[in-house]
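Here is the structure we will look at.
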Amino acid sequence: MGVDVLIRPAEDDDWPGVWPLWHEVVAAGETYPYDPEMTSEAGRAMWLAAPPAYTWVAVTPDGQFVGTYQLTPNQRKLGDHVANASFMVASEARGMGVGRQLGAHCLDAARALGYRAMQFNAVVTTNIASLQLWRSLGFIIVGTVPRGFRHAVHGEVDMHIMHRFL
């Protein structure tokens, strides 16, 4: 089952709609190393950062924010030809194709911005749905950080570094 979404660049006025899903993901402590008690203001400053960061949102026809991603250079200067991206999908939209739509959109956006590859630095090994999605979109695991993430439920778990050329 899929959900119809419009993926468009995020605007400052979008934050009140993005914050609930962003906060839900971060506060869960299962996929992002951000402070689970981060304030809306701090989250906004991080997620709606200025270029070279670019943020997109996925919005349903009735105006619900169901996903978002941020695309940035993975490194500065001599490593800025490799992109990095972070994705969040609202719990009520998971399993409905939003993540796949965001992932495909992000790969196209990265190509359009001139990136030559994409790397994810911290895919938590307990995040099975994300691992399956990224593999299906051509990413491979190039390394593992043993016990590199303190999962809210499972304690210390590994994180994978994933990569693909564009």
Side-chain angles (χ1 to χ4, degrees), residues 2-15 17-19 21-26 30-34 38 42-60 64-91 93-145 148-149 158-166:
V3 62
D4 185 31
V5 297
L6 168 68
I7 300 173
R8 61 166 176 76
E11 301 170 359
D12 284 338
D13 292 346
D14 291 334
W15 188 247
V18 173
W19 167 248
L21 80 89
W22 196 93
H23 178 67
E24 175 189 35
V25 169
V26 171
E30 297 178 355
T31 55
Y32 278 88
Y34 307 153
M38 185 179 292
R44 179 185 190 136
M46 178 186 294
W47 202 251
L48 298 182
Y54 294 92
T55 303
W56 281 266
V57 292
V59 184
T60 63
Q64 295 282 72
F65 289 86
V66 293
T68 182
Y69 77 88
Q70 184 185 70
L71 178 65
T72 64
N74 192 51
Q75 301 290 332
R76 295 186 191 122
K77 298 293 178 186
L78 300 181
D80 67 2
H81 61 291
V82 177
N84 182 275
S86 301
F87 299 82
M88 295 185 186
V89 174
S91 59
R94 292 183 192 143
M96 297 172 36
V98 174
R100 179 169 297 282
Q101 290 177 67
L102 288 170
H105 186 278
C106 180
L107 291 170
D108 289 341
R111 282 186 205 97
L113 288 167
Y115 289 107
R116 298 184 53 199
M118 184 169 293
Q119 178 175 315
F120 300 146
N121 298 321
V123 183
V124 179
T125 57
T126 55
N127 191 350
I128 303 301
S130 288
L131 288 168
Q132 291 173 338
L133 172 60
W134 303 135
R135 283 183 178 128
S136 76
L137 290 175
F139 286 83
I140 61 169
I141 295 169
V142 296
T144 301
V145 180
F149 183 78
D158 297 350
M159 296 184 312
H160 291 312
I161 301 164
M162 301 186 81
H163 180 274
R164 72 157 284 175
F165 288 105
L166 299 174

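No hydrogens, no waters, no symmetry mates; every other heavy atom, side chains included, goes into these values. All values reported here derive from a predicted model rather than from experimental measurement.
Contact detail for F65 and L21: the closest heavy-atom pair is O-CD2, 3.3 Å. For the residue pair A110 and M118, the shortest heavy atom distance occurs at CB-CE, 3.7 Å. Residues A58 and L102 share a closest heavy-atom pair of CB-CD2, 3.9 Å. Among all heavy-atom pairs drawn from P9 and D14, the shortest one is O-OD2, 4.1 Å. Of all heavy-atom pairs spanning R164 and L137, the tightest one is NH1-O, 2.6 Å. What you find for A53 and T72 is that their closest heavy atoms are CB-CG2, 3.5 Å.
The structure places CZ of F139 at 14.5 Å from NE2 of H160, a figure rounded to the nearest 0.5 Å. For the atom pair NE2 of H23 and CE of M88, the computed distance is 11.5 Å after rounding to the nearest 0.5 Å. The OG1 atom of T144 sits 7.5 Å away from atom CD1 of I161, with the distance rounded to the nearest 0.5 Å. Distance CG/N84 to OH/Y115: 9.0 Å, rounded to 0.5 Å. Separating the CE atom in M159 from the CD1 atom in I141 is a distance of 12.5 Å, to the nearest 0.5 Å.
Between V18 and the choices L48, V59, V57, the side chain to side chain contact (heavy atoms under 4.5 Å, CB included) rule is met once, by V57.
Residues satisfying the side chain to side chain donor-acceptor pair (under 3.5 Å) criterion with H105, sequence neighbours excluded, are Y69.
At least one donor-acceptor pair closer than 3.5 Å links the side chain of R44 to the backbone N or O of D12. For the pair Q70 (side chain) and W47 (backbone), a donor-acceptor distance under 3.5 Å is present.
Within the structure, the salt bridge (charged side-chain N to carboxylate O under 4.0 Å, His left out) test picks out the following pairs touching residues 109-121 (sequence neighbours left out): D108-R111.
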Do any side-chain atoms of residues 126-134 form donor-acceptor pairs under 3.5 angstrom with protein atoms, and if so which ones, sequence neighbours left out?
residue : atom : partner : partner atom : Å
T126    : OG1  : H151    : NE2          : 3.4
N127    : OD1  : S130    : N            : 3.4
N127    : OD1  : S130    : OG           : 3.2
N127    : ND2  : S130    : OG           : 3.1

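The number of heavy atoms from other shown groups lying within 6.0 Å of CD (Q75) does not exceed 12.
A donor-acceptor contact closer than 3.5 angstrom is absent between the side chains of T68 and W22.
Aromatic ring pairs are classed by plane angle as parallel below 30°, tilted from 30° to 60° and perpendicular above 60°; the pair Y54 and W56 is tilted.
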